[in-house]
Amino acid sequence: MIANIEKSATQIAKEVRSGDVSAAEIIEDTLAHVDSIDGTVGAYLTVLADVARAQAVRVDERVRNGERLPLAGVPLAVKDNMCLEGTRTTCGSKILERWIAPYTATAVARMLDAGAVAIGKANCDEFAMGSSCENSALGVTRNPYDLARVPGGSSGGSAAAVAAYEAAIGLGSDTGGSIREPGAFCNLIGFKPTYGRVSRYGLIAFASSLDQIGPLTRTVQDAALAYDAMAGFDVMDATSIDRPVEPTAGALRDDLRGLKIGIVREFDTKALGDDLDAIYSRAYRDLERLGAELIEVSLPTADYGVATYYLIAPAECSSNLARFDGVRYGLRVEADDVQTMYERTRAAGFGPEVKRRILIGTYALSSGYYDAYYVRAQKARTLIARDFERAFAQCDLIACPATSCAAFEFGAKSDPYSMYLMDYYTIPMALAGLPALSVPCGWCTPAGGSAPMPVGLQLCGPLFAEKLLLGAAHAYERATDHARSRKPMLESARA
Ligand code: GLN
């Protein structure tokens with residue numbers, strides 16, 4: 001029999017609804033497991049044991065009262081840039097280390113309404129800036145498949161929690177790849193919906209025109225379940241889209257017949273080395289075997305994605321993070337005058353990567369440079385979105401790598417630029433606002449004799465094509481089953 005902690009969200013919800021197991025038992029088992037391994041994995045910054053127990057009791061009551069909860073008793077990891085009323089919400093930053101959220105983010109509230117139980121707040125790169133979780137000022141998170149390697153980022157804590165069975169669903173936020181990359185690094189589905197599909201209310205803003213909440217899960221079915229619970233209009237978020245959401249969890253497909261899948265000419269996988277080239281070539285063949293017709297598409301401006309993103313995202317962050325000045329939120333370092341108080345607070349509260357982004361963003365927005373940098377980047381963003389529009393006139397979905405390498409060792413990307421390049425394949429979709437996900441597609445053996453590490457295939461669809469995207473990912477997952485062929489290093493994590 002499969003242990004409670006290893007069950008999928010879909011299975012847990014079904015069993016809790018039918019009374020085969022109680023939410024209280026699921027949550028007790030999860031908390032015991034977190035207690036035994038999280039000292040090593042480091043997925044959580046705050047474990048909400050008492051809150052979770054109380055929520056589980058409430059879920060069991062609601063089930064007894066006949067409520068049909070789609071996520072009954074499902075253990076949830078919440079990235080620590082999302083507010084949960086009455087709990088510490090840090091963004092992985094010293095500036096918010098002791099800040100208590102006064103309300104709950106809409107996405108989190110919807111998950112809890114659907115019966116999920118928040119186990120804890122998961123570590124992340126400071127203010128979601130990073131690709132490895134190494135920019136967190138508050139803790140180290142390890143990859144459950146090799147503890148010497150990063151879990152990816154910025155939603156690395158949510159990904160590690162789900163990979164190590166410390167939660168069944170993790171909530172992440174993706175601005176340029178922060179759900180899809182840790183998903184790929186931790187053998188998970190990492191799903192970023194269309195921009196505006198899931199409310200950003202209560203998600204502490206990094207780059208508001210890009211930020212999007214989505215799930216990290218061990219199966220596509222679970223990602224669909226989470227998406228169905230969270231997606232939809234919210235009056236509290238002016239960028240949330242008022243358009244009906246098609247439910248996805250009951251509409252997943254088992255083949256790809258009739259679909260045209262675009263393979264991007266500019267993303268030549270040979271450049272990624274033999275190992276990855278073989279994995280992606282096989283993945284594309286598998287898509288074909290499942291009935292898809294593969295066609296070549298072109299994204300000529302995708303190559304400008306990284307440069308474009310690293311102007312727009314810092315520009316928006318420099319404005320969003322201005323609110324952390326010691327007056328209202330979080331840390332204050334006292335001084336005799338207000339200007340010195342601001343300076344000392346921000347100098348002490350922000351880490352080096354956040355400061356770098358604020359500087360770059362402020363520079364790009366300053367008069368004299370605004371047209372040369374910010375406006376140019378906005379134009380490039382439009383061109384990238386148009387490339388995708390043209391491609392989607394020819395195909396239904398695009399398939400490409402999620403990342404250019406598997407999870408790397410701590411400290412391996414020490415200069416900012418090599419870290420920025422980690423998002424080469426995920427940034428273009430973010431700039432265009434498109435829904436995209438990463439699904440496990442194989443295992444590679446990195447140099448240095450480490451354990452085999454997971455590799456992710458990225459699928460991307462046109463705006464609002466979530467149902468098609470999840471359906472196709474499900475067909476691929478079902479036919480290949482790469483994710484379940486290996487287990488994380490839990491035994492050594494326990495030691
Ligand atoms: N790694 C990218 C960055 O550092 C993307 C982060 C994200 O998606 N939040 O900005």
Side-chain angles (χ1 to χ4, degrees), residues 79-82 91-93 107 122-137 141 150-159 170-186 190-193 195 198 200 203-216 305-318 320-321 350-361 364 377 381 402-405 407-408 412-438 456 458 460:
K79 183 175 181 178
D80 210 18
N81 61 353
M82 293 174 212
C91 286
S93 180
N123 197 16
C124 56
D125 285 297
E126 188 173 1
F127 286 98
M129 298 172 200
S131 305
S132 66
C133 243
E134 291 167 290
N135 291 339
S136 170
T141 304
V150 302
S154 62
S155 313
S158 303
L171 291 188
S173 63
D174 190 309
T175 304
S178 280
I179 295 175
R180 290 163 285 160
E181 188 245 22
F185 280 10
C186 290
F191 172 40
K192 179 196 101 72
Y195 177 77
V198 176
R200 293 186 294 111
L203 168 69
I204 296 172
F206 159 17
S208 310
S209 77
L210 294 153
D211 298 341
Q212 176 61 206
I213 293 175
L216 287 137
V306 172
T308 304
Y309 172 91
Y310 278 98
L311 286 166
I312 292 174
E316 293 185 20
C317 113
S318 71
N320 275 324
L321 271 57
F350 290 138
E353 184 58 29
V354 173
K355 287 178 181 156
R356 182 178 298 120
R357 305 267 181 122
I358 292 172
L359 286 171
I360 296 172
R381 182 176 188 174
T403 57
S404 53
C405 62
F408 45 87
K413 310 267 174 205
S414 49
D415 68 295
Y417 189 59
S418 63
M419 192 68 89
Y420 296 171
L421 282 175
M422 284 313 302
D423 300 299
Y424 181 83
Y425 291 111
T426 49
I427 279 175
M429 297 77 181
L431 289 168
L434 301 171
L437 57 78
S438 174
Q458 185 174 200
C460 165

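As the structure lists them, so they are numbered: ligands from 1, and atoms in each ligand from 1. Below, each value reflects all heavy atoms present in this structure, side chains not excepted, and no hydrogens, waters or symmetry copies. These numbers come from a predicted model, not from an experiment.
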**Student:** Once side-chain contact (heavy atoms from CB on, under 4.5 Å) is applied, do any residues pair with Ile358, and if so which ones, sequence neighbours excluded?
**Tutor:**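 Expected list: Cys317, Ser318, Leu321, Arg346, Phe350, Val354, Thr362.
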**Student:** When you look at Ser209 and Glu316, which way does the side chain to side chain contact (heavy atoms under 4.5 Å, CB included) test go after all the steps?
**Tutor:** CA-CA 8 Å; Ser209 77; Glu316 293 185 20; 2.6 Å; yes
**Student:** Working to the nearest 0.5 Å, report the span between CE of Met129 and CZ of Arg356.
**Tutor:**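 So the gap between those two atoms works out to 11.5 Å.
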**Student:** Identify, chain by chain and in numerical order, each protein residue with a heavy atom under 4.0 Å from an atom of ligand 1.
**Tutor:**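 Contacting ligand 1 under 4.0 Å are Ala128, Met129, Gly130, Ser131, Ser154, Asp174, Thr175, Gly176, Gly177, Ser178, Phe206, Tyr309, Tyr310, Arg357, Asp423.
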**Student:** How would you list, by chain and number, every residue that makes a side-chain contact (heavy atoms from CB on, under 4.5 Å) with Asp423, sequence neighbours excluded?
**Tutor:**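 side-chain contact (heavy atoms from CB on, under 4.5 Å) list for Asp423, sorted by chain: Ser131, Tyr310, Thr426, Ile427.
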**Student:** Who pairs with Pro435 by side-chain contact (heavy atoms from CB on, under 4.5 Å), at least two apart in sequence or on another chain?
**Tutor:**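 Counting only residues at least two positions away or on another chain, Pro435 forms a side-chain contact (heavy atoms from CB on, under 4.5 Å) with Thr194, Glu466, Leu469.
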**Student:** With the side chain counted from C-beta on, respond yes when Ser155 and Ser178 share a heavy-atom pair under 4.5 Å apart, and no when they do not.
**Tutor:**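 Ser155 reaches Ser178 side chain to side chain.
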